[in-house]
Amino acid sequence: MLKTMHLFLAATLLTALLVMPSVSTAGSLSLLSADEAQELALDDAEWEKGVASKGIGFGVGPKIVFESPEVENTDNGMVIKSPSQLSLLVVFKDGVAQVDMNTLNIRARKGWFSKNLTQRLAPYLEGNSIKAENVEIPSGRFKLEIKIADSKGNESIQEYLCEIQ
């Protein structure tokens with residue numbers, strides 16, 4: 001009986017130790033590590049090249065709408081300026097067909113190098129949106145690409161320049 005009680009207590013303690021770190025960090029999201037940010041940071045020349053001012057596929061594919069942080073349409077394309085700690089709310093709206101969230105692909109890009117961020121954001125998917133508080137991104141300038149399709153295969157692709165202060 002005593003041995004059973006010890007095993008039960010040990011199992012309970014182990015479970016608590018395994019669960020507690022995930023609970024304490026569940027409220028924040030580090031979108032890029034410092035090393036990834038250094039590899040993906042755009043220099044002045046890359047920043048000046050900008051991105052496509054309009055997304056590919058818009059008109060029939062899903063609409064990508066940044067509620068937070070705000071996006072500014074500039075001569076260099078769509079630009080997001082934000083502090084390094086931010087709230088993220090991106091809504092995907094139906095085009096001619098229903099959004100297929102299983103097709104969501106989000107990448108930070110620099111030349112041929114890219115980092116897929118989709119899995120890091122997956123826990124923050126709510127219906128047809130991404131909703132995350134306390135998102136942390138190291139300071140720098142980055143390029144972000146979002147791809148998503150609808151149930152009929154109509155794809156939307158949008159690139160954003162991100163200036164994180």
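Each residue takes its place number in the sequence, starting with 1.
Using modelled atom types, one finds a donor on one side chain and an acceptor on the other under 3.5 Å when comparing Asn134 with Gln85. For Asn116 and Thr118, the side-chain atoms include at least one donor-acceptor pair closer than 3.5 Å. Residues Ser30 and Glu136 have side chains that never bring a donor and an acceptor to within less than 3.5 angstrom of each other.
Side-chain atoms of Ser114 do not come within 3.5 Å of backbone N or O of Ala108 as any donor-acceptor pair. With hydrogens and angles ignored, the 3.5 Å screen pairs a side-chain donor or acceptor of Ser156 with a backbone N or O of Pro62. At least one donor-acceptor pair closer than 3.5 Å links the side chain of Asp94 to the backbone N or O of Val99. Looking only at distances, no side-chain donor or acceptor of Ser129 sits under 3.5 Å from a matching main-chain atom of Val91.
The shortest non-hydrogen separation linking Glu46 to Ala41 is OE1-O, 4.0 Å. Closest heavy-atom contact between Cys162 and Leu144: SG-CB, 4.0 Å. Heavy-atom minimum distance, Asn76 versus Glu48: OD1-O, 3.6 Å. Nearest heavy-atom pair, Ser33 versus Pro138, reported as atom, atom and distance to 0.1 Å: O-CG, 3.9 Å.
Salt bridge status for Asp44 with Arg141: present, with a side-chain N to carboxylate O gap under 4.0 Å. A salt bridge links Glu36 and Lys115; the closest N-O separation between the charged side-chain nitrogens and carboxylate oxygens is under 4.0 Å.
Note that CD of Glu159 and CD1 of Ile146 are 10.5 Å apart. Values are rounded to the nearest 0.5 Å. With rounding to the nearest 0.5 angstrom, the CG atom of Leu42 is 8.0 Å from the CZ atom of Phe142. Annotation: the span from Leu86 atom CG to Glu133 atom CD amounts to 9.0 Å, rounded to 0.5 Å. The NZ atom of Lys81 sits 10.5 Å away from the CG atom of Leu161 when rounded to the nearest 0.5 Å. Expressed to the nearest 0.5 Å, how far CG of Leu88 lies from CD1 of Ile130 amounts to 6.0 Å. Annotation: the span from Ile148 atom CD1 to Thr103 atom OG1 amounts to 4.5 Å, rounded to 0.5 Å.
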Is there a side-chain contact (heavy atoms from CB on, under 4.5 Å) between Asp150 and Val96 once you walk through the steps? CA-CA 8 Å; Asp150 63 23; Val96 297; 3.9 Å; yes

Could you walk me through whether Phe66 and Tyr160 pass side-chain contact (heavy atoms from CB on, under 4.5 Å), step by step? CA-CA 11 Å; Phe66 268 84; Tyr160 301 88; 3.6 Å; yes

Run Glu145 and Arg109 through salt bridge (Lys or Arg N to Asp or Glu O under 4.0 Å) and show every step you take. CA-CA 7 Å; Glu145 177 187 84; Arg109 303 184 70 88; 3.7 Å; yes

Report the C-alpha distance between Trp47 and Val79 in whole Å, list the side-chain angles of each, state the deciding distance to 0.1 Å, and finish with yes or no for side-chain contact (heavy atoms from CB on, under 4.5 Å). CA-CA 10 Å; Trp47 181 263; Val79 177; 4.2 Å; yes

Could you go through Lys93 and Asn128, starting from their C-alpha distance and side-chain angles, then the distance that decides it, and tell me whether this counts as side-chain contact (heavy atoms from CB on, under 4.5 Å)? CA-CA 7 Å; Lys93 297 185 178 183; Asn128 284 357; over 6 Å; no

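The local environment of NZ in Lys110 is crowded, with over 12 non-hydrogen atoms from other residues, nucleotides or ligands closer than 6.0 Å. In this structure, Glu39 places its CD atom where more than 12 heavy-atom neighbours from other residues, nucleotides or ligands lie under 6.0 Å away. Remark: Glu70 CD is loosely packed, at most 12 non-hydrogen atoms of other residues, nucleotides or ligands lying under 6.0 Å away.
Grouping the Ile, Leu, Val, Met, Phe, Trp and Tyr side chains by contacts below 4.5 angstrom, directly or via other members, places Val65 apart from Val51. Residues Leu89 and Ile64 do not share a hydrophobic cluster, clusters being chains of Ile/Leu/Val/Met/Phe/Trp/Tyr side chains in contact below 4.5 Å.
Within the 4.5 Å cutoff, side-chain heavy atoms of Gln98 are placed close to those of Ser151. Residues Leu117 and Arg107 have side chains not in contact (no heavy-atom distance under 4.5 Å, counting atoms from C-beta outward). Side-chain contact between Ile137 and Leu31 is present, with at least one heavy-atom pair separated by less than 4.5 Å.
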